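Remember, predicted model here, so these are calculated numbers, not experimental data. Order of listing sets the numbers, starting from 1, for every ligand and every atom in it.
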Amino acid sequence: MEQHPPYPSGLILTGRRVLVVGGGHVAQRRVPQLIAAGADVVLVSPEVTPAVEGLATAGEIAWHRRGFEDADLDGAWYVIAATDDAAVNEAVTDGAEHRRVFCVRADDATRASAWTPAVGRHAGVTVAVLGNREPRRSAAVRDEILEGLREGTIVARHQRDRSPGVVLVGGGPGDPELISVAGRKALMEADVVVADRLAPRELLGELPADVELIDVAKLPRGRAAQQEEINRVLVERARAGQRVVRFKGGDSFVFGRGFEEVEACRAAGVPVTVVPGLTSPITVPALAGIPVTHRGVAHDFTVISGHVPPGHPDSLTDWDAVARLHGTLLLMMAVDNAPAIADALLAGGREPGTPVAVVCDGSMPGERTVLSTLGALAADLTREAVRPPAIIVVGDVVAVARPEHYPDRRG
Ligand SMILES: C[S@@+](CC[C@H](N)C(=O)[O-])C[C@H]1O[C@@H](n2cnc3c(N)ncnc32)[C@H](O)[C@@H]1O
């Protein structure tokens with residue numbers, strides 16, 4: 001018989017009897033999908049895998065513990081022949097053909113009247129791929145499509161969430177791979193993206209052509225004025241009916257001024273939601289192979305902004321109290337003030353030999369780690385010409401990660 005391509009169709013199986021003959025790994029893969037479709041699954045097999053047995057014990061399927069009998073096909077709307085015995089599969093397909101019931105055959109698709117596509121679901125959409133009897137190819141194509149849908153690189157633009165409002169998206173430390181799936185999706189659904197200097201730039205290049213990009217670095221200078229202007233733009237655009245993504249590096253609520261934007265939106269009655277991001281004080285050391293906690297070494301960690309030096313009237317940090325902590329210190333925005341911070345920690349009782357790692361440009365092409373100690377930090381930063389952005393990790397977790405550099409420390 002001439003081989004035509006299959007005719008795809010979505011079967012509504014709710015409450016309809018589906019016969020599965022065989023209880024091995026093929027059945028184990030297919031039966032949960034049938035259950036999810038609401039089918040009344042009857043499985044016939046002398047033996048089954050423990051997973052299939054579990055479904056029977058839980059009452060999710062009916063299992064007849066015996067060989068196939070032709071009468072099993074009575075009343076079935078759909079059949080899967082999945083035994084490892086070709087003669088049994090043949091008997092099942094023959095019986096199904098006789099009754100005009102569509103039948104999948106696991107061992108020989110050419111003898112079947114139906115094929116099972118590679119299936120996946122995302123946000124209410126079912127993706128089913130039939131790859132001309134090449135299951136690996138079908139699965140690979142399905143995975144590509146699902147990944148595109150999840151990451152937002154495949155967007156049915158007319159179906160996207162167009163409700164006006166502001167979404168604060170944390171973009172992670174810089175590598176475009178390190179944004180969340182929800183963050184990527186929000187970017188793809190935006191009408192306008194208001195992006196910070198530290199937001200992952202590469203992702204902006206992937207935005208659909210009709211998305212407007214507002215670069216915050218180009219707004220009027222001065223921190224307060226700039227923030228007011230950002231708040232104004234967010235509110236104005238959302239009120240004009242646009243979906244606005246406020247896109248930042250790391251997480252919006254970790255030294256990101258994100259909550260000021262939430263407050264501005266709320267005050268203006270503009271809907272605002274938050275997509276968290278991987279924050280740099282934890283992520284950047286991790287990328288450099290440095291844990292922020294380690295059993296028996298550091299049972300707490302403290303994230304501190306170093307943008308105001310110790311002793312400055314604007315400083316809200318009690319550096320004496322910080323010096324007395326035993327856990328890991330993670331200093332952000334601290335490159336310029338690192339010598340003064342190291343002095344404050346030493347004055348508070350920390351040992352000069354305390355290990356320090358300065359991880360610069362985490363997850364970006366120029367990423368590097370400068371290893372030092374509290375006593376030598378100022379000189380090492382100058383010699384290595386360290387520039388922001390950097391995370392400064394203080395504590396014995398650095399020695400745990402790089403024991404060869406700190407032979408005298410506990411690692
Ligand atoms: C204004 S704060 C923003 C932090 C961001 N909201 C977060 O959650 O990571 C900027 C500081 O974050 C740190 N930082 C952010 N991204 C970094 C990266 N890729 N590598 C090293 N440090 C980074 C640096 O300490 C930098 O000075």
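A distance-only check finds a donor-acceptor pair linking the side chain of Ser138 to the backbone of Gly131 [under 3.5 Å]. Not a single donor-acceptor pair under 3.5 Å links the side chain of Asp361 to the backbone N or O of Met364. No side-chain donor-acceptor contact under 3.5 Å links Arg16 to the backbone of Ala39.
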Distances under 3.5 Å, N/O of ligand 1 against N/O of the protein: list each pair and its distance.
| residue | atom | partner | partner atom | Å |
| --- | --- | --- | --- | --- |
| ligand 1 | 6 (N) | Gly249 | O | 3.2 |
| ligand 1 | 6 (N) | Asp251 | O | 2.9 |
| ligand 1 | 6 (N) | Val254 | O | 2.7 |
| ligand 1 | 8 (O) | Asp251 | N | 2.8 |
| ligand 1 | 8 (O) | Asp251 | O | 3.4 |
| ligand 1 | 8 (O) | Thr279 | OG1 | 2.6 |
| ligand 1 | 9 (O) | Ser280 | N | 2.9 |
| ligand 1 | 9 (O) | Ser280 | OG | 2.6 |
| ligand 1 | 14 (N) | Ser280 | OG | 3.3 |
| ligand 1 | 19 (N) | Pro173 | O | 2.8 |
| ligand 1 | 19 (N) | Gly362 | O | 3.0 |
| ligand 1 | 20 (N) | Gly362 | N | 2.8 |
| ligand 1 | 22 (N) | Ala390 | N | 3.4 |
| ligand 1 | 25 (O) | Met333 | N | 3.0 |
| ligand 1 | 25 (O) | Ala390 | O | 2.7 |
| ligand 1 | 27 (O) | Met333 | N | 3.4 |

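Residues Arg350 and Leu329 meet the side-chain proximity criterion, which asks for heavy atoms closer than 4.5 Å. Considering only heavy atoms from C-beta on, Val397 stays 4.5 Å or farther from Val292 through its side chain. With a 4.5 Å cut-off on side-chain heavy atoms, Ser45 and Thr83 do not count as touching.
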